[in-house]
Amino acid sequence: MIANEVAYNGKVEGDVIVTKADAVINWIRKHSVWPMPMGLACCAIELMASAASRYDISRFGMEVMRFSPRQSDCMIVAGTVTYKMAEVVRRIYDQMGDPKWVVAMGACASTGGMYRSYAVMQGVDNIVPVDVYVSGCPPRPEALLDAMMKLQDKIGKESSVKALTKSASAVSS
Amino acid sequence: MNFVDLLFLGFATLALGGGILMIFSRHPVSAALFMIISMVSVAGLFVLLEAFFLAILQVLVYAGAVMVLFLFIIMLLDVGPEGAKSSRLKLVSGFAGVACFSILIVLSLLLVFDSSPISQASTLWPALDQNSLVNGENLVFSTRVKSFGFGLFTKYMLPIQVAGFLLLAAMVGVIILSKKVIREEKV
Amino acid sequence: MIEFMQSLEIWQILAIKIVFALMMIGAVMTMAGYSVLAERKVSALMQGRLGPNRTVLPIIGSVPIIGPFLQGLGIFQPLADGLKFLFKEEIVPGHVNKIYYYLAPIIALVPALTTMTVLPFGEFFTGAGETIPLMLADLDVGILFILAVSSLGVYGIVLAGWSSNSKYPFLGGIRSSAQMISYELAMGLSLLPIFLWVSKPGVEVSALSLVEIVNSQHQANWLLLVQPVSALIFLIALFAETNRLPFDMPESETDLVGGFHTEYGSFKFGIFFVAEYAHIVIGSAIFTIIFLGGWHFLPWMSDPWPANWVGTILGVGWFLTKTVGLIFFFIWIRWTLPRFRYDQVMDLGWTKLLPLALANLLFYIVLVTWLDQSAL
Amino acid sequence: MESITPQHFLILAFLLFGVGFLGVVIRRNLLLVLMSLELMLNGVNVALVTFSRTGQNLDGSLFVFFIMTVAAAEVAVGLALLVALYKKRRSIFSEDAGLLQN
Amino acid sequence: MSPTTTKEISIGDVAAREAAGINQMDGEDRMALNVGPSHPTTHGVLRLILELNGDLIEKCEPVLGYLHRGDEKIAENMTYNQFVPYTDRLDYLSPLANNVAYAISVEKLTGLELPERCQAIRVLVCELARISSHLLGMGVFGMDAGAWTPFMYTFTEREKLYTLFEELTGARFTTSYTRIGGVARDIPEGWLDRVSKFCDELPFATDEVEKLLTRNRIFLDRTEGIGQITKEDALAYGLTGPNLRASGIDLDLRKDKPYSGYEKYDFDVPIGTRGDCYDRYLVRIEEVRQSIRIIKQVIADFPSGAWYAEDAKKIFAPPKEKILSSMEELIQNFMIVTEGPQIPSGEVYFEAENPKGALGFYIVSKGGGVPYRMKIRAPSFCNLSILEKLVPGHQLSDITVILGSLDFVMGECDR
Amino acid sequence: MIDQDFIDELLVKHEYLSLVSHEDCLTLSCNRDHWLNFASYLSLEETFDLLVDLTAIDHGEDAEVRFSVVCHYYSRVHHDYIRVHVECASNENPEILSISSVYPSADWHERETFDMFGIRFTNHPNMKRILMWDEYPYFPLRKEFPLAGIDTPLPAPDVVEVTDASVEPAPMMGGPFVSSGSGPMSDSEPRAKDESWTEKSEKPV
């Protein structure tokens, strides 16, 4: 590292400026991510594994898997999204309250994976905005945990206050 | 105007308002909820009258059991709001209702301004004698539960037995009624 | 103390009471919040997991030993979860009945908090050798008050189920109303023998007073030992009334998704969540008062603490210990037993608990009469 | 304004009874008719307790106790009848309950 | 702070269109209820449209296809070996057993005889897969009945199995272990000892689960007499596997049509009597015990020799070191990788007794390395077809238990 | 195991049957008018009470008889399967009798066969798609249908409105590489078999 780069460089930390209020809200949000398990296929078993005793997603406070979309913050799309299922995934995503995040778990959810066929949607990002992609078929539970930590990092960098006021004004207008 | 007066006014308004809203609400569920408000307010009035035991019974029996039953039935039958379907009865009953109501208002107005025996006889809120259960032949009003028990099991022994039988009869009746419905359904 | 109280204006007493009430609400809500954490931690313990241990406040986390310790306990997890609800979008589905939809969570929470007004949680020793029970209102029909008010809690659930205008919540609402009506009966009947036992001929104070019940267990049997059947019935009914597994019909997760609160999100759901645990906290406290001797030490023993403020604190602490133990029991059962089916719950209530409660009552009527007669 | 008197309670009792009566007469939904009946009984209860309190006599209060008992029984039977009626007629409106109509 | 918005979409709406149709057909106090496809009880993406009368189910219409990924079409477009990974993802609770079933059916088409060691490895992994699948089945069944803790206990055991799988195949979950004509690699050193150690420890864990469930009064109330399938129905609807055996029919392909050397091992086939959910649960637990028995026999008499068919030059790719050193092997490898294993034309149907039931492959070959048509006979698909008949007459809460006891996997049901 | 006597007897009894092969299991070809009779015969008079599988084969667009239905029965007495081939009537609108009245398990198999091949089973109680959604216009397992799929609208219009998603042909680039195995060397190079989207031909617009 050259000496003149030792000084503060916003790029290193992702070039975001987070205000105090943002920091508080983000702290709250990132430590209370309640997943909505969209267990569609094989990855759902690894999702279960990450909630089970060895990997224990509850350490992050994320074992509160709510099956009602209204009570969850983060949709983990675990498995192959077929065209028939896509509509359901989208509807459930719509029912989640803001702020909401989506984790595409596994190759199928990310890109369609090995299922290049007529019935499979080539990536869930066709219908819902994805925040974190996890590679693997299926990803190991460690990978999912890593993705959740990445998601926490991402939440930590959001400008939440702006988003809050913006959506409030959008509603009032 | 003191604190108790305020409470009285509040409870009275709620009780009466709840009742009126109840009979005029279109949806049975809202009717039931207004009814609950009314009943709890009546319980509040009982408290003002220092009948604590009755107040609690009022909440326990009416709000806790009777109205839950009502709500349960409303949901079970999935009764919607009354439609615009008019009935011949409605006009007649409307007239009758308005008539009755006005008579009642007149009656109560008379009561207020008339110096009837009731309003004169009572020294407004007589002090309570908490220590004795009976005063001669009469049971003495008291806030304690004990006096209720005493009254029920001495002077009102026969009525309480009758009430017990009544409840039993009601229970049997309800069971028979609901049984019959099921049998008819099967046929 | 009493003179002091009598010297006050009514609004001053009111103000003091309100302050106390707020303090108690705070205490109960905190306990409710942390019983959620306890649930997560205890379940983790039972299943060989760790439970929440990553959440930590930035500054406290950097304190050398205490920080990591608190972090490991997950102390900050409820903080994050509770506050998150505040910053989450409030979704009101288009098909709901708005007024009742908003009303329902409040109705669910208020009775749970109201019952605590008559809950004694300790006693205060004045210098003159008097003991004053610590409670907001010493009602001589305290237990009836609790039964009456807690029976109102069902409205919250019923209304939530109905106003959501959606099928799963509706089923949850119907189930819960039937269940709560059924078990209230058994609960009330299981308490009658207690009153019979506690009230002695010639005693002026009503045996319906919770303080009286607690004091009757001082240096004597706990009522749990005298009336085990009543305690059992009461406990089962308590499980049913608080909608805990194995009786969590209104929200059975696997078949009704979330039951009555399926359509609720963010803050309103949070209130339901807290209300459920507040019910558990209060229920445990009531069971402690009636059957476990309240703040008194152990059966047949006089309290080992002195009759001054230290004793007061120790008594309250002992009371809380028992309550927390019961909360643990609630959690323990939840993570051990499977769930009943709805009709089995009703069956248990009407054909098993109710006859048992009646038989229990008859038995104690005969027993108490016989004891009284032989004493005379 | 002067303090409240027993008369106030009595007026309220009358009004409650009246409102209940009005409900019985004007509503067609039998569920609401039943509820209105309960309201009438409540009015009576208020009056009875007031008399009991002012007359220093417990009889009135005890009477309220009995009224509540009877009311609970009445509601149970009434609702059971109503459900039976609903199963037969698919309606809980009073005009549909007539046997000889239509 | 938090803005309030109104949204018009509800869970019920997804079903509303189709449910409304049913609603009109029958009486008016029926309620159409949509269960799934994202619902905790459906273990994936099964969807049931129920018609309720009170709490009683009058009609049940399963809707499948939410996980239809076109496996059969994919199979027609790739070589036999390329399809092995797709078989992992059929019944994703027991990938190893699927691999074996697939490999055997292709080998049957070629008439290939495998060396004993290879067969023993396959039996071993099949039984391990069965244990893994049944463990999850038991745990999830308990979870459906409301008991969460047994699920965690069984999953802990599964994690131990995963470790073993990982050591054997390199992947913990989707193993792709078999090849046509053998297995991907020989067993690692000391692995058998670790397997037998696992088998010694497993009974303690299952006993623990049994303590929590088997004699639990509530669990019995929930499962006994619920979802009873008679012998006749079980056969008529083509049930296989534990679900069929729980109804009292003694059909286990490992005994009746032994493959891969199952005839050498001594084991019992547990049979239920009443065919209810409880019996299905008991049969699974007993099958785990029998699997341990088989595994112990396999390990006790583990054959040495080659772990792949050495004579199958056009089918099984030669070992890596030979490819790098010998021209002939290099060409052989190139041909197998590019054109696929050369399979003669013909048709074959083979069923293997998988944890969920009989997993069948019907392969029509016209020669070459690509199948002309491959039909996968998925046990879950057949087992679920009885739902339409089984569910009506039960209560809503029974559905969770019935579905849990049928122990299906949508991956192979929808393919 | 099924022995030769059994086969002979079967063939004599039912003249509409013909023996195809007996390699892995007894394979019979059955006349389509009698196949329901034969199914009920197998179920009621023989011991083949388990219908394990029912599917179809598409013999290609040029074949004389394009679709044939294949059925596997299992006998718990013989411990063996019988495979029955039946040819479908028409190449354009293939039709065949349903055997779900005899074997209830055939119900879903037949629906699946209809879904995948478009073979209509007459007298079936509920002949509609089972795996694909109801409005799906194609039959995926027919030989002319590309693996990648064909552009169709998504079944949910409201979701399409928001997301602008549709059923698109899957990208085959880097997909399964298969060589034809015959012809000149340049043609037998392994390549993505389904050519809806490769390096050479662009993604269809």
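Computed from heavy atoms alone, side chains included, the values below leave out hydrogens, waters and symmetry copies.
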A.B. asks: Verify side chain to side chain contact (heavy atoms under 4.5 Å, CB included) between Val46(D) and Phe46(B), making sure each step is shown before the conclusion.
C.D. replies: CA-CA 7 Å; Val46(D) 172; Phe46(B) 286 173; 4.1 Å; yes
A.B. asks: With a 6.0 Å cut-off on ring centres, are Phe9(D) and Phe8(B) close enough?
C.D. replies: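 Distance test on ring centres: under 6.0 Å, yes.
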A.B. asks: Please round to the nearest 0.5 Å and tell me the distance separating atom OG1 of Thr69(D) and atom CG of Leu166(B).
C.D. replies: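 So the gap between those two atoms works out to 8.5 Å.
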A.B. asks: Drop me the distance from Leu58(D)'s CG to Leu152(B)'s CG, to the nearest 0.5 angstrom.
C.D. replies: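 Rounded to the nearest 0.5 Å, the CG-CG separation comes out at 8.0 Å.
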A.B. asks: Please evaluate residues Leu69(B) and Val75(D) with respect to the criterion side chain to side chain contact (heavy atoms under 4.5 Å, CB included), reporting the C-alpha separation (whole Å), side-chain torsions for both, the decisive distance (0.1 Å), and the verdict.
C.D. replies: CA-CA 8 Å; Leu69(B) 208 58; Val75(D) 166; 4.3 Å; yes
A.B. asks: Find the one option among Val61(B), Leu54(B), Leu57(B), Leu167(B) whose heavy-atom pairs under 4.5 Å with chain D are most numerous.
C.D. replies: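 Ranked by contacts with chain D, first place is Leu54(B).
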A.B. asks: Go through the steps for Asn42(D) and Ser38(B) under the test side chain to side chain contact (heavy atoms under 4.5 Å, CB included), then give the verdict.
C.D. replies: CA-CA 9 Å; Asn42(D) 264 324; Ser38(B) 177; 5.5 Å; no
A.B. asks: Out of Val64(D), Asn45(D), Val49(D), which one pairs with Gln58(B) under the side chain to side chain contact (heavy atoms under 4.5 Å, CB included) rule?
C.D. replies: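 When side chain to side chain contact (heavy atoms under 4.5 Å, CB included) is applied between Gln58(B) and each of Val64(D), Asn45(D), Val49(D), only Asn45(D) qualifies.
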A.B. asks: Look at Ala65(B), Ala169(B), Gly173(B), Ala31(B) and state which one has the largest set of heavy-atom pairs under 4.5 Å with chain D.
C.D. replies: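 Result: the option with the highest number of such pairs is Ala31(B).
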A.B. asks: The criterion is side-chain contact (heavy atoms from CB on, under 4.5 Å); which residues satisfy it with Ala71(D), sequence neighbours excluded?
C.D. replies: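 side-chain contact (heavy atoms from CB on, under 4.5 Å) check on Ala71(D) returns Tyr62(B), Glu38(D), Leu41(D).
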A.B. asks: If you measure from CG on Leu31(D) to CZ on Phe70(B), what distance do you get to the nearest 0.5 Å?
C.D. replies: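 Atom-to-atom, Leu31(D):CG and Phe70(B):CZ are 6.5 Å apart.
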A.B. asks: Please determine whether side chain to side chain contact (heavy atoms under 4.5 Å, CB included) holds for the pair Phe24(B) and Leu22(D), giving the CA-CA distance in whole Å, both sets of side-chain angles, and the decisive distance to 0.1 Å.
C.D. replies: CA-CA 10 Å; Phe24(B) 287 113; Leu22(D) 188 69; 4.1 Å; yes
A.B. asks: I need the Thr50(D) OG1 to Leu49(B) CG distance, nearest 0.5 Å.
C.D. replies: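 That separation rounds to 4.5 Å.
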